[in-house]
Amino acid sequence: MARRTAGETIDFEALYRTSRDDVYAYVAGMVRDSAAAEEVTAVAFERALTRRSSYKPDRGSPRAWLFGIARNAAYDELRRRGRTEPAADDLPVEDATAPVALRRAALSVALAGLSQDERDLVGLKFEAGLANADIGRVLGISESNVGTRLSRVVAKLRAAME
């Protein structure tokens with residue numbers, strides 16, 4: 001009997017069902033275009049499926065591995081467009097008369113003031129819902145470094161929102 005790789009033991013259907021909306025939200029925040037985000041999400045899942053034999057459980061959860069693939073697919077899309085970060089004019093425009101819309105607009109401006117690495121960190125934590133250990137594995141940094149960086153980024157966002 002042939003030996004199965006770790007990637008072959010991933011319940012890919014369950015991973016898709018539990019992660020698709022979060023992957024879409026994460027890449028949509030990076031590429032700032034809903035059609036492109038749908039395409040990048042599809043590419044990320046296709047890559048994960050075809051490369052599932054590369055998954056190594058000792059390097060993180062299947063979800064963290066998937067978000068690493070999604071991050072790379074989003075960067076590929078940004079490079080294809082000829083830039084590495086979303087342009088400031090890509091930010092969504094909302095009716096600024098409502099208090100919630102004002103807060104969202106302020107948050108969008110504050111997020112635009114972050115570096116791409118800082119936005120990646122925020123997206124992986126708050127859009128993807130990954131644990132600090134998994135974020136560290138996706139970004140190639142330690143779990144404690146993730147916590148430190150997140151603390152600094154959140155403080156930066158709070159200051160920008162005031």
Side-chain angles (χ1 to χ4, degrees), residues 1-88 90-92 107-108 110-154 156-157:
M1 180 179 251
R3 199 166 172 198
R4 292 173 58 152
T5 66
E8 292 171 329
T9 63
I10 294 174
D11 183 350
F12 200 80
E13 185 178 337
L15 180 63
Y16 175 78
R17 277 193 322 272
T18 61
S19 302
R20 68 178 174 240
D21 294 340
D22 294 334
V23 168
Y24 173 82
Y26 175 61
V27 299
M30 291 180 72
V31 300
R32 307 269 191 211
D33 176 306
S34 60
E38 288 176 11
E39 179 65 26
V40 170
T41 299
V43 166
F45 278 102
E46 179 183 344
R47 286 180 186 174
L49 182 61
T50 60
R51 298 177 187 168
R52 68 182 179 268
S53 64
S54 71
Y55 169 68
K56 294 179 179 39
D58 59 324
R59 296 190 62 206
S61 68
R63 187 172 165 90
W65 171 76
L66 174 63
F67 275 91
I69 292 170
R71 179 177 184 250
N72 291 336
Y75 277 127
D76 289 347
E77 173 63 18
L78 290 171
R79 276 190 292 277
R80 188 188 67 72
R81 292 179 182 189
R83 60 184 205 236
T84 58
E85 296 190 20
D90 286 345
L91 296 173
L107 180 59
S108 291
L111 286 169
L114 299 177
S115 70
Q116 184 61 48
D117 288 343
E118 291 169 327
R119 284 193 302 272
D120 281 348
L121 195 61
V122 168
L124 289 168
K125 182 66 175 182
F126 301 108
E127 291 174 350
L130 294 181
N132 289 3
D134 286 335
I135 294 169
R137 289 181 186 107
V138 170
L139 300 178
I141 59 177
S142 71
E143 181 178 357
S144 62
N145 197 340
V146 169
T148 301
R149 288 183 186 189
L150 269 171
S151 178
R152 289 180 184 153
V153 169
V154 168
K156 198 174 185 180
L157 286 171

Would you give the length of the straight line joining atom [atom1] of [X] to atom [atom2] of [Y], rounded to the nearest 0.5 angstrom?
| X | Y | atom1 | atom2 | answer |
| --- | --- | --- | --- | --- |
| R32 | L78 | CZ | CG | 10.5 Å |
| L66 | L15 | CG | CG | 5.0 Å |
| L121 | S115 | CG | OG | 9.0 Å |
| E118 | L150 | CD | CG | 10.5 Å |
| Y26 | L130 | OH | CG | 8.5 Å |
| E77 | M30 | CD | CE | 10.5 Å |

Can you name the nearest heavy-atom pair linking [X] to [Y], along with the distance?
| X | Y | result |
| --- | --- | --- |
| V27 | A74 | CG1-CB, 4.1 Å |
| A70 | A44 | CA-CB, 3.7 Å |
| Y55 | G60 | OH-O, 2.8 Å |
| V43 | A73 | CG1-CB, 4.2 Å |
| N72 | R47 | C-NH1, 4.1 Å |

Only pairs at least two apart or in different chains count here, so list each ring pair (Phe, Tyr, Trp, His ring centres under 6.0 Å) that has a residue in residues 35-54.
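Listed once each, the pairs are Y16-F45.
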Any side-chain heavy atom of R80 sitting closer than 4.5 Å to one from D76?
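A side-chain contact under 4.5 Å is absent here.
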Is the closest side-chain heavy-atom distance between K56 and W65 below 4.5 Å?
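They are not in side-chain contact.
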Apply side chain to side chain contact (heavy atoms under 4.5 Å, CB included) to the pair V154 and V122, showing each step before the final yes or no.
CA-CA 8 Å; V154 168; V122 168; 6.0 Å; no
For residues 33-45, pull every pair meeting salt bridge (charged side-chain N to carboxylate O under 4.0 Å, His left out), keeping only residues two or more places apart or in separate chains.
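For residues 33-45: D33-R81.
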Show me the pairs that pass salt bridge (charged side-chain N to carboxylate O under 4.0 Å, His left out) and involve residues 14-25, at least two apart or across chains.
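Non-adjacent pairs meeting salt bridge (charged side-chain N to carboxylate O under 4.0 Å, His left out): E13-R17, D22-R63.
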Pairs flagged by side-chain hydrogen bond (donor to acceptor under 3.5 Å, both in side chains) wherever residues 123-138 is involved - sequence neighbours left out:
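Only S61-D134, K125-N132, D134-R137 qualify under side-chain hydrogen bond (donor to acceptor under 3.5 Å, both in side chains).
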By salt bridge (Lys or Arg N to Asp or Glu O under 4.0 Å) - contacts of R149 (at least two apart):
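Scan of R149 (salt bridge (Lys or Arg N to Asp or Glu O under 4.0 Å), adjacent residues dropped) gives none.
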Is a donor on one side and an acceptor on the other found under 3.5 Å between the side chain of T41 and the backbone of A37?
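The answer is yes, because a donor-acceptor pair under 3.5 Å joins these two groups.
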For T148, what residues pass the side chain to side chain donor-acceptor pair (under 3.5 Å) criterion, not counting sequence neighbours?
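With neighbours one apart ignored, the set is empty.
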